[in-house]
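Chain naming here is simple, since letters A, B, ... match the order of the sequence lines and numbering starts at 1 in each. Just so we're clear, the structure is a prediction, and the values are computed from it rather than from any experiment.
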Amino acid sequence: MNQLAKITREQALAAKAWPFEEARRLLARIEARKKAGKPVDGVLFETGYGPSGLPHIGTFGEVARTSWVRHAFETISDIPTHLIAFSDDMDGLRKVPDNLPQPEMLAANLGKPLTAIPDPFGTHESFGHHMNARLRAFLDRFGFRYDFYSSTATYKSGRFDEALLRILARYDEVMKVMLPTLGEERQQTYSPFLPVSPKSGKVLLAKVVERDVAKGTITYVEEDGSHQTVPVTGGHCKLQWKPDMGMRWAALGVDYEMYGKDHLSQAPLYSAICKIAGGNPPEQYMYEMFLDDQGQKISKSKGNGISLDDWLAYGSQESLALFMFQKPRTAKKLYFDVIPKAVDEYIAFLESYHAAETTDEQRLENPVWHIHAGQVPQERYPVSFALLLNLVSASNAHNRDVLWGFIRAYSPEAVSPQSNPGLDKLADFALRYYEDFVRPSKVYRAPNEQERAALADLAARLEQLGDERDGKIVQDVVYDVGKAHNFEPLRAWFGALYEVLLGQSQGPRFGSFAALFGCAQTAAMIKAALNGEFLK
RNA sequence: GAGCCCAUAGCUCAGCGGUAGAGCAUCUGACUUUUAAUCAGAGGGCCGAUGGUUCGACCCCAUCUGGGCUCACCA
């Protein structure tokens with residue numbers, strides 16, 4: 001039961017699953033710090049978030065993956081860990097996002113920090129605060145452990161001041177790093193410091209004409225052409241995105257950060273700035289981007305691929321976590337068809353985790369150990385999700401009770417929604433899948449004269465059966481009716497049943513279906529079909 | 001141009017140092033009072049190419065070829 005207690009540090013140190021590989025890199029970093037005589041009071045993980053858009057499936061992936069490394073680290077070391085979820089809420093709003101209320105209000109506030117713009121939803125202190133709350137709700141929903149940091153609040157608190165002043169003092173070095181990465185035009189006006197205009201409140205991409213290291217100020221050209229002097233500290237200036245990341249690494253002492261491949265080429269810049277700001281760049285891990293079924297990059301504007309909500313509508317959270325766990329450095333296709341596979345793979349990993357012959361060493365390599373942070377649930381899934389999906393579409397089982405009837409009939413061992421809540425959830429996913437994908441493709445047809453008479457006959461016979469639950473007896477009746485009405489071959493009779501009643505060309509054994517669905521209910525269903533109610 | 005990823009059965013992929021695997025598809029059989037489902041089994045791979053390391057390589061290293069993606073403006 002308590003697998004966690006049996007795992008030894010030696011086993012964890014030898015484990016090959018990628019979070020352990022990462023944890024060992026991190027441990028080596030910390031050992032080096034100890035050797036250098038520097039204090040080691042904790043290990044800091046960071047994940048970043050841009051709050052001008054809602055959290056999405058990638059946000060989940062990044063935080064989940066970082067959390068797995070964190071947990072792996074905790075099993076090989078007693079050094080305390082922290083994970084910062086950092087929100088870039090001081091960024092100026094560059095364009096009005098789609099699908100938000102009050103676009104004209106947002107347009108009027110373009111350029112201002114997100115935390116200085118009213119909340120278009122009207123529920124929070126600012127737009128930034130609103131989005132931060134959404135992020136936190138998102139992270140809490142999945143039970144992530146984290147410390148939330150607001151960029152605005154951190155700048156204002158002075159926590160970045162020391163690093164900011166160092167960057168001001170070593171301005172030329174910063175420019176030497178940054179300028180080669182910029183276009184010729186941008187080089188003319190570039191400054192790592194973006195002043196927050198005392199006049200307009202906007203975060204300005206302004207040309208800096210003077211620096212005073214002793215006073216800790218810069219003088220820049222305002223939008224109206226005047227010269228303005230502001231401190232670089234205390235939230236009066238924000239750093240450009242790339243230096244911002246490096247400065248933050250230095251100021252907060254970040255030890256570990258992941259990013260998508262789109263950041264890869266920028267990463268050396270972050271590290272260079274971090275060193276200039278007096279820090280030691282963190283261990284970094286690049287993960288690949290997701291592709292759609294055509295192999296194209298998933299982007300919000302294209303609307304290809306699937307969203308987090310899509311996944312969670314048809315598959316479990318655990319299955320999504322498993323997908324994120326597997327091969328982070330391979331560009332994987334993320335589209336609808338991978339969900340059932342991920343769900344069943346999760347079930348398979350769960351089974352093998354609990355199998356008697358599985359060793360603790362093997363358990364450490366099993367994704368479910370990571371996904372559940374060592375506390376792997378005992379639940380069993382004797383029926384696969386693939387079978388459930390087949391069952392629900394083949395059986396027309398569009399309500400839970402009927403579906404559970406089929407599940408019991410198919411399961412090799414006793415199951416119930418109470419004792420198998422996970423399976424019950426899968427049943428819900430299967431039902432939703434049915435509603436969204438199977439039902440719309442159904443095509444009902446009207447019965448011909450022969451079929452009409454037979455169906456009426458069958459309805460009457462079913463009513464006589466009352467609450468008969470033996471599928472065989474009911475099947476005999478169905479067969480009799482077909483014979484009595486001279487269907488040749490007899491399969492035409494069954495075909496008619498499916499096409500008229502279920503709107504599909506194939507279906508479950510009809511007797512079993514009627515027995516589970518209820519003979520009386522089935523009779524009522526036949527009558528409804530005869531009345532043409534399915535043809536609309 | 002720079003960098004990253006991928007290349008294994010018809011398809012989608014797993015395997016990452018010790019005699020080639022799964023799912024789907026195909027075929028055969030069993031069961032079935034239609035089909036489907038289910039169960040059992042079969043066929044199908046010079047593991048992209050060439051060198052190297054090794055007693056031994058799909059697995060490690062180098063080079064090459066093909067495909068894909070990311071960054072080259074702004075965050």
Original post:
So does A:Arg380 pair up with A:Glu351, basic N to acidic O under 4.0 Å?
Top reply: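 A:Glu351 and A:Arg380: salt-bridged.
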Subject >> Check ion pair A:Arg248-A:Asp244 (N to O, under 4.0 angstrom) >> reply: yes
Subject >> Shortest side-chain distance from A:Lys333, nucleotide among B:U34, B:C13, B:A75 >> reply: B:C13
Take atom [atom1] in [N] and the same atom in [M], then report the distance between them in whole Å.
| N | M | atom1 | result |
| --- | --- | --- | --- |
| B:G3 | B:G15 | P | 27 Å |
| B:C61 | B:G17 | P | 11 Å |
| B:C13 | B:A7 | C1' | 12 Å |
| B:G48 | B:C58 | C1' | 12 Å |
| B:C46 | B:A42 | C1' | 23 Å |
| B:A9 | B:G68 | C1' | 23 Å |
| B:A37 | B:C47 | P | 34 Å |
| B:C27 | B:U65 | P | 42 Å |

Between atom [atom1] in [X] and atom [atom2] in [N], what is the gap in whole Å?
| X | N | atom1 | atom2 | value |
| --- | --- | --- | --- | --- |
| A:Leu269 | B:A2 | CG | C1' | 13 Å |
| A:Leu322 | B:A14 | CG | P | 12 Å |
| A:Phe323 | B:U12 | CZ | C1' | 12 Å |
| A:Met178 | B:A75 | CE | C1' | 12 Å |
| A:Asn366 | B:A14 | CG | C1' | 14 Å |
| A:Leu334 | B:C69 | CG | C1' | 15 Å |
| A:Tyr259 | B:U70 | OH | P | 17 Å |
| A:Tyr270 | B:C71 | OH | P | 11 Å |

Do [X] and [Y] have side-chain N/O donor and acceptor atoms under 3.5 Å apart?
| X | Y | value |
| --- | --- | --- |
| A:Tyr270 | A:His263 | yes |
| A:Glu62 | A:Tyr287 | yes |
| A:Glu223 | A:Ser197 | no |
| A:Trp249 | A:Ser271 | no |
| A:Tyr259 | A:Gln284 | yes |

Original post:
Is the number of heavy atoms from other residues, nucleotides or ligands within 6.0 Å of NZ (A:Lys156) greater than 12?
Top reply: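 No, the 6.0 Å shell around NZ holds no more than 12 heavy atoms from other groups.
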Original post:
Crowded around A:Lys242 NZ? As in, over 12 foreign heavy atoms under 6.0 Å?
Top reply: yes
**OP:** Would you indicate what A:Leu497 reaches in the nucleic acid, counting non-hydrogen atoms under 4.0 angstrom: base, sugar-phosphate, or nothing?
**Re:**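 Touches nothing.
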Original post:
Is there ring stacking between A:Tyr479 and B:U33, where the centres must be under 5.5 angstrom apart and the planes under 30 degrees?
Top reply: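 No.
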Base-pairing mate for [N] - Watson-Crick or G-U, with both contacts under 3.5 Å:
| N | result |
| --- | --- |
| B:U33 | none |
| B:U28 | B:A40 |
| B:A49 | B:U63 |
| B:G3 | B:C69 |

Report all interatomic pairs (protein N or O, nucleotide N or O of nucleotides 20-23 of chain B) with separations under 3.5 Å.
none

Original post:
Does A:Lys16 make a side-chain N or O approach to OP1 or OP2 of B:G17 shorter than 4.0 Å?
Top reply: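 Yes.
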Original post:
When you check the phosphate oxygens OP1 and OP2 of B:A14, does a side-chain N or O of A:Gln326 lie under 4.0 Å from one of them?
Top reply: no
Original post:
Taking for each residue the nucleotide of RNA chain B bearing the nearest heavy atom, is the 5' side occupied by A:Lys341 or by A:Met289?
Top reply: A:Lys341
Original post:
Do the ring planes of A:Tyr346 and A:Tyr381 sit parallel (below 30°), tilted (30 to 60°) or perpendicular (above 60°)?
Top reply: perpendicular
Anything under 3.5 Å between a protein N or O and an N or O of nucleotides 3-6 of chain B, put it in a table, one pair a line.
| unit_1 | atom_1 | unit_2 | atom_2 | d |
| --- | --- | --- | --- | --- |
| B:C4 | O2 | A:Lys261 | NZ | 3.2 |
| B:C5 | O4' | A:Glu288 | OE2 | 3.4 |

Subject >> ring-ring contact (aromatic ring centres under 6.0 Å, His included) partner of A:Trp369, chosen from A:Phe20, A:Tyr353, A:Phe325 >> reply: A:Phe20
